Amino acid sequence: MANAVLVTGGAGYVGSHACKALAHAGYTPVTFDNLSLGNVDSVKWGPLIQGDTRNSASVTSALLEYDCIAVIHFAALSSIGESVSDPALYYDINVGGLIGVINGMRGANCDALIFSSTAAVYGEPRTNPIIETEPPNPINPYGQTKLIGERMLADHAAAYGLRCAALRYFNAAGADPDAEIGEFRRVETHLIPRALMALQGWITDFQVFGADFPTPDGTAVRDYVHVADLADAHVSALKYVLGRPGHDVFNIGTGQGSSVAQVLSAISRATGVTMTAPGGSRRIGDPAVLVADGSRARHALGFEPSRSDLDTIVRTAWAWHQKVHPMRV
């Protein structure tokens, strides 16, 4: 199968959007997913192998079956709160899963890997926008597992010639502009989908966590990047890694921050319904501002987000939610 790429977690939110971007760029995405969190209906652009990343023999078999030229590794758990309450699970899945993938790649003589990392490795940064040279200081087990993953990749690059890049996402948001796939989880924790689900009557416990941050409107500021732009970043990173040896790290964001209040205003504009929410207390360890300096990705990968303004993010998310969640109120 020409230009096949194994996409672990390819049935998930970001992974499925990356599969579509890969297919449009001339690659064949081969989804490797245990479907514990992913959606089989999101696998539309290539074959599906149901498997566990901790099983290196299964990874090797999948790579050899489709003669894959690279791996993009999304499969992981990502709830910060859950990582605090059950860290053993996160070390098992996130660290153990990456060990299985790397060992599986060595068994198949596949040496190119893109790793889904996170801005959570920075913890509470000293400055914003955040550059990649900011010393990592994760403040929860989820961020720790991703930092361990990055360090594993650097060590394997030095010792075994692994070609790899870690992409530190900021806040992935929005949905496929064609509304073919979107953000859909059994237990939703992210701001925009929860707000839309509250507006549609599917949840009743939506709230804003903190209105007393040292920001212009008192709500937390984050760097929201459209998931389709994020998917394109993976294609660019894949080409980058295939063309050179070594290990690299890139922030993937827009360089622009939007507050929770601004997000709710964008939702009101998109839906025509004034979006309000009760205020809750801040979550422990929630920084006031997290914004990416994306200059490295721009210069090295040519990454220029084109859909990441708030109105486009919310408009595409709303189109998707109307498709999968009819109004209950």
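Sequence positions, counted from 1, serve as the residue numbers for this chain. Predicted model, so just to flag it, every value in this text is computed and none were measured.
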Linked, directly or transitively: [X] and [Y] (ILVMFWY side chains, under 4.5 Å):
X      : Y      : result
Leu196 : Met275 : yes
Leu162 : Met152 : yes
Ile252 : Ile114 : yes
Ile99  : Tyr91  : yes
Phe170 : Leu310 : no

How long is the span from the [atom1] atom in [X] to the [atom2] atom in [Y], to the nearest 0.5 Å?
X      : Y      : atom1 : atom2 : value
Asn140 : Tyr90  : CG    : OH    : 9.5 Å
Tyr224 : Ile313 : OH    : CD1   : 9.0 Å
Leu48  : Phe32  : CG    : CZ    : 10.0 Å
Asp111 : Ile102 : CG    : CD1   : 12.5 Å
Asn128 : Glu134 : CG    : CD    : 8.5 Å
Thr204 : Met197 : OG1   : CE    : 10.5 Å

Next item on the list: Quickly, which of Val43, Val5, Leu63, Leu6 forms a side chain to side chain contact (heavy atoms under 4.5 Å, CB included) with Val30? Name it, please.
Entry: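 Result for side chain to side chain contact (heavy atoms under 4.5 Å, CB included) with Val30: Leu6.
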Please answer whether the main-chain N or O of [Y] pairs with a side-chain N or O of [X] as donor and acceptor at a distance below 3.5 Å.
X      : Y      : value
Thr118 : Arg168 : no
Glu188 : His190 : yes
Ser61  : Ser58  : no
Ser56  : Gly100 : no
Arg315 : Ala270 : no
Thr219 : Ala261 : yes
Asn39  : Ser42  : no
Arg282 : Asp212 : yes
Lys323 : Ala179 : yes
Arg296 : Val249 : yes

Compare all side-chain heavy atoms of [X] with those of [Y] and state whether any distance is below 4.5 angstrom.
X      : Y      : value
Tyr27  : Lys239 : yes
Ser16  : Ile181 : yes
Ser116 : Val14  : no
Val241 : Cys164 : no
Pro177 : Arg307 : yes
Gln256 : Pro305 : no
Leu264 : Thr276 : no
Leu191 : Arg222 : no

Would you say the side chains of [X] and [Y] form a donor-acceptor pair under 3.5 Å?
X      : Y      : result
His226 : Thr312 : no
Thr145 : Asn94  : yes
Tyr122 : Asn251 : yes

Mind listing the closest non-hydrogen atom pair of [X] and [Y] along with its distance?
X      : Y      : answer
Leu35  : Ala11  : CD2-CB, 3.8 Å
Ser83  : Ile80  : OG-O, 2.7 Å
Tyr13  : Gly182 : CD1-O, 3.6 Å
Arg151 : Pro136 : NH2-CG, 4.1 Å
Val235 : Ala25  : CG1-CB, 3.8 Å
Phe303 : Val225 : CZ-CG2, 4.3 Å

Which donor-acceptor pairs under 3.5 Å do the side chains of residues 69-79 make with protein atoms, sequence neighbours left out?
from, atom 1, to, atom 2, distance (Å)
His73, ND1, Thr8, OG1, 2.6
Ser79, OG, Glu82, N, 3.4

Note to self: Tell me whether Arg244 at atom CZ has more than 12 heavy atoms from other residues, nucleotides or ligands lying less than 6.0 Å away.
What the structure shows: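 Yes.
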Notebook entry, point to check: If you count the non-hydrogen atoms of other residues, nucleotides and ligands that lie under 6.0 Å from CD in Gln262, is the total more than 12?
Noted result: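 It does: Gln262 CD has more than 12 such atoms within range.
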Next item on the list: In sequence, state the C-alpha distance, the side-chain angles, and the governing distance for Thr254 and Ser308, and then conclude on side-chain contact (heavy atoms from CB on, under 4.5 Å).
Entry: CA-CA 7 Å; Thr254 68; Ser308 293; 3.5 Å; yes
Next item on the list: Answer yes or no on whether Arg194 is positioned over the face of Phe206, meaning its NZ or CZ is under 6.0 Å from the six-membered ring centre and within 45° of the axis.
Entry: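 No cation-pi geometry.
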Margin query: Evaluate Val260 against Phe213 for side-chain contact (heavy atoms from CB on, under 4.5 Å), listing each step before the verdict.
Written below: CA-CA 11 Å; Val260 172; Phe213 286 100; over 6 Å; no
Margin query: Between Tyr169 and Asp223, is the side-chain contact (heavy atoms from CB on, under 4.5 Å) condition met? List the steps.
Written below: CA-CA 9 Å; Tyr169 310 165; Asp223 188 336; over 6 Å; no
Note to self: With side chain to side chain donor-acceptor pair (under 3.5 Å) as the rule and sequence neighbours excluded, what pairs involving residues 170-179 come up?
What the structure shows: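 Listed once each, the pairs are Lys20-Asp176, Lys20-Asp178.
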Checklist line | Derivation of the side-chain contact (heavy atoms from CB on, under 4.5 Å) call for His321 and Thr271 | finding: CA-CA 11 Å; His321 274 266; Thr271 63; over 6 Å; no
Margin query: The test is ring pair (Phe, Tyr, Trp, His ring centres under 6.0 Å); show your working for Phe250 and Tyr240 and say whether it passes.
Written below: CA-CA 12 Å; Phe250 299 100; Tyr240 177 84; 5.4 Å; yes
Margin query: Restricting to side chain to side chain donor-acceptor pair (under 3.5 Å), what partner residues turn up for Ser117, sequence neighbours left out?
Written below: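 Here the qualifying residues are Glu150.
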